[in-house]
Q: 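Next up is a structure, given as structure tokens.
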Amino acid sequence: MAMKDYSDEFKADAVALYESTPGATYKSIAAATLSEGGTPTARAGQTTSSAGPDERIRQLEARVAELEASERKLATERDIPRKAAKYFAGETNWRVASSSSTTTGTPTA
């Protein structure tokens, strides 16, 4: 894939869009800017003033679904290390042998 040359203004606008959009990823900014014909003036998740109320509702519902999916993914990513830590903490609970079993050499039950 060939690299395209973008103007300094385009690059600055893309960086400004990334920094001003909470939860934005490079991929979402690229999709928002490049899908607009190379102009990053359209904000990710925002509509133009010509969109009607029904279109605005549809876009907001899509955004809510996207955020809910992202929340589920983040919760899963958070819970995996938590569950692993709990599992491995249980694995390291060794029994302390009583003094009588260490002198006789018989294992404790």
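Everything quoted here is computed from the prediction, not taken from an experiment.
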Q: Hey, is Arg63 close enough to Glu66 for a salt bridge, meaning N to O under 4.0 Å?
A: yes
Q: Hey, does Arg78 have a side-chain heavy atom less than 4.5 Å from the side chain of Arg82?
A: yes
Q: Looking at side-chain heavy atoms only, is the closest gap between Glu71 and Leu67 below 4.5 Å?
A: no
Q: State whether the side chain of Ser20 and the backbone N or O of Leu17 hold a donor-acceptor pair below 3.5 Å, judged by distance alone.
A: yes
Q: Honestly curious: do Ile80 and Leu74 fall in one hydrophobic cluster under the side-chain, below-4.5 Å linking rule?
A: no
Q: Under 3.5 Å, side chain of Thr25 to main-chain N/O of Ser28, donor-acceptor pair present?
A: yes
